[in-house]
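We count ligands from 1, going down the list as the structure has it; atoms in each ligand are counted the same way.
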Amino acid sequence: MDNILYLVIPCYNEEEVLPETSKRLKEKITSLIENGKIDKASRIVFVNDGSRDKTWEIIRSLHEQDSVFSGINLSRNRGHQNALLAGLMTVKDHADMVISMDADLQDDIDAVDAMVDKYLEGMDIVYGVRSSRAKDTFFKKATAEGFYKLMNTMGANTVFNHADYRLMSKRALEGLAEFGEVNLFLRGVVPMIGYPWDVVYYERGERFAGESKYPLGKMLAFAVEGITSLSTKPIRMITGLGFFIFLVSIAMLIYSFIRHFMGATIVGWTTLMVSVWAIGGLILLSLGVVGEYIGKIYLETKARPRFIVEQFLNTEE
Ligand code: UDP
Ligand code: MG
């Protein structure tokens, strides 16, 4: 059988949750193996993202006690996204499907069964989507949902209410490996890979121990990172603004002339008024045009794959 599943879990200072998390994940993996859905060679991989507490010692002892646990130790703290990517890229040659999730099990692990089922039906990417955030605080819910809306209006298309809880097949991971960009925003890049995909809904629970490693500051930085690493829409918005202001300057020109000929202005007002708007508009417009070129350079330097071939039907002579 060749349905080897690897669970990838980034961990940063998670000594409080690891004992419980490892126990629950092992139960999950064991039951999936018993039901014949996944191969015996499936693994739970903890990625230690430069923790300052006992996280790595715990991972190491788990691995020594039980071969179902594996560990990856990063040289230093690189943040959630990079830790996740490190895990995915390290295990992709060993697994047929990989599921990523957080160490605190806020994302219901029972959704794993549904994800594996979808994989067995032929899906390459299965997104875990939060159906409700009843257990999140009002503040977390409002900021998090605002985050997805902001991201989408700024041109970073992500799956709404999907964090990094997802299943990816081997070939989807190989597709991901083609993206050579350094600032990789996984939630935005994974949908760009393509291949058949589906979603699984689940309820998001509370963190059962320890505290969030994503305070508001980090979340805002994450949003800025996501927008600037995915799209050049902000530049386009400057161009649009410049064009709009230039149109206003024409309206101002007409208005000023009318006022001028009505004799209702003091000397110099007309020229000042028109030039302020016209020059402002022209500056913004030119800035936008320059920005368009910088945006092109930016996208080129990312060297994203231009296509990923899903299938090549070809009869050789
Ligand atoms: N995490 C990480 N590196 C970091 C910060 C967080 O690997 O620098 C991990 C953390 O251990 C957890 C996941 O990212 O497994 C999500 O973090 P958290 O649960 O604190 O975020 P929240 O659910 O509050 O958004
Ligand atoms: Mg969490």
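Looking only at heavy atoms of the protein, atom 6 (C) of ligand 1 is closest to K213 CB, 3.7 Å. For atom 14 (O) of ligand 1, the nearest non-hydrogen atom of the protein is H80 CD2, 3.1 Å. Atom 4 (C) of ligand 1 has as its closest protein heavy atom D49 OD2, 3.5 Å. Ranking the protein heavy atoms by distance from atom 1 (N) of ligand 1 puts Y12 CB, 3.7 Å first. Protein heavy atom nearest atom 22 (P) of ligand 1, with residue, atom name and distance: S212 OG, 3.7 Å. Of the protein's heavy atoms, K140 NZ, 3.1 Å lies nearest to atom 25 (O) of ligand 1. Closest to atom 18 (P) of ligand 1, if we only count protein heavy atoms, is R207 NH2, 3.4 Å. Of the protein's non-hydrogen atoms, Y214 CD1, 3.3 Å is the one closest to atom 21 (O) of ligand 1.
Taking the six-membered ring where tryptophan is involved, the planes of F222 and F185 are tilted, since the angle between them lies from 30° to 60°. Between F257 and H260, the two ring planes are perpendicular [angle over 60°; tilted spans 30° to 60°].
Cluster annotation: I235 and L284 are assigned to distinct hydrophobic clusters (Ile/Leu/Val/Met/Phe/Trp/Tyr, side-chain heavy-atom contacts under 4.5 Å, transitive). Hydrophobic clustering (side-chain heavy atoms under 4.5 Å, transitive across Ile, Leu, Val, Met, Phe, Trp, Tyr) groups W197 together with Y195.
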Start with the C-alpha gap between D124 and K170, add the side-chain angles, then the distance that decides, and say whether salt bridge (charged side-chain N to carboxylate O under 4.0 Å, His left out) holds.
-> CA-CA 8 Å; D124 283 277; K170 193 193 210 78; over 6 Å; no
Audit row: Y127, Y165, ring-ring contact (aromatic ring centres under 6.0 Å, His included) steps and yes/no | CA-CA 7 Å; Y127 300 97; Y165 187 21; over 10 Å; no
Evaluate the salt bridge (charged side-chain N to carboxylate O under 4.0 Å, His left out) criterion for residues D66 and K26: first the C-alpha distance (whole Å), next the side-chain angles of each, then the deciding distance (0.1 Å), finally the verdict.
-> CA-CA 10 Å; D66 194 332; K26 192 187 163 186; 2.7 Å; yes
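Note on K28 versus D113: salt bridge recorded, some NZ/NE/NH1/NH2 to OD/OE distance being below 4.0 Å. Taking 4.0 Å as the cut-off between side-chain N and carboxylate O, D49 and R76 do not count as a salt-bridged pair.
Close approach to P10 involves these atoms of ligand 1, each under 4.0 Å from a residue heavy atom: 7 (O), 9 (C), 10 (C), 11 (O), 12 (C), 15 (O). In the vicinity of E14, heavy-atom distances shorter than 4.0 Å reach the ligand 1 atoms 10 (C), 11 (O), 12 (C), 15 (O). Listed by atom number, the atoms of ligand 1 under 4.0 Å from Q106 heavy atoms are 19 (O), 22 (P), 23 (O). Near C11, with a cut-off below 4.0 Å to any heavy atom, the atoms of ligand 1 are 7 (O), 11 (O).
Inclusion of A103 in the set of residues having an N or O under 3.5 Å from an N or O of ligand 1 is warranted.
Heavy atoms of V47 found under 4.0 angstrom from ligand 1: none, in either backbone or side chain.
What you find for H80 and P10 is that their closest heavy atoms are CD2-CG, 3.6 Å.
For a distance bound of 2.8 Å, the N, O or S atoms of D104 include one lying that close to the Mg ion (ligand 2).
At least one heavy atom of R204 sits less than 4.0 Å from an atom of ligand 1.
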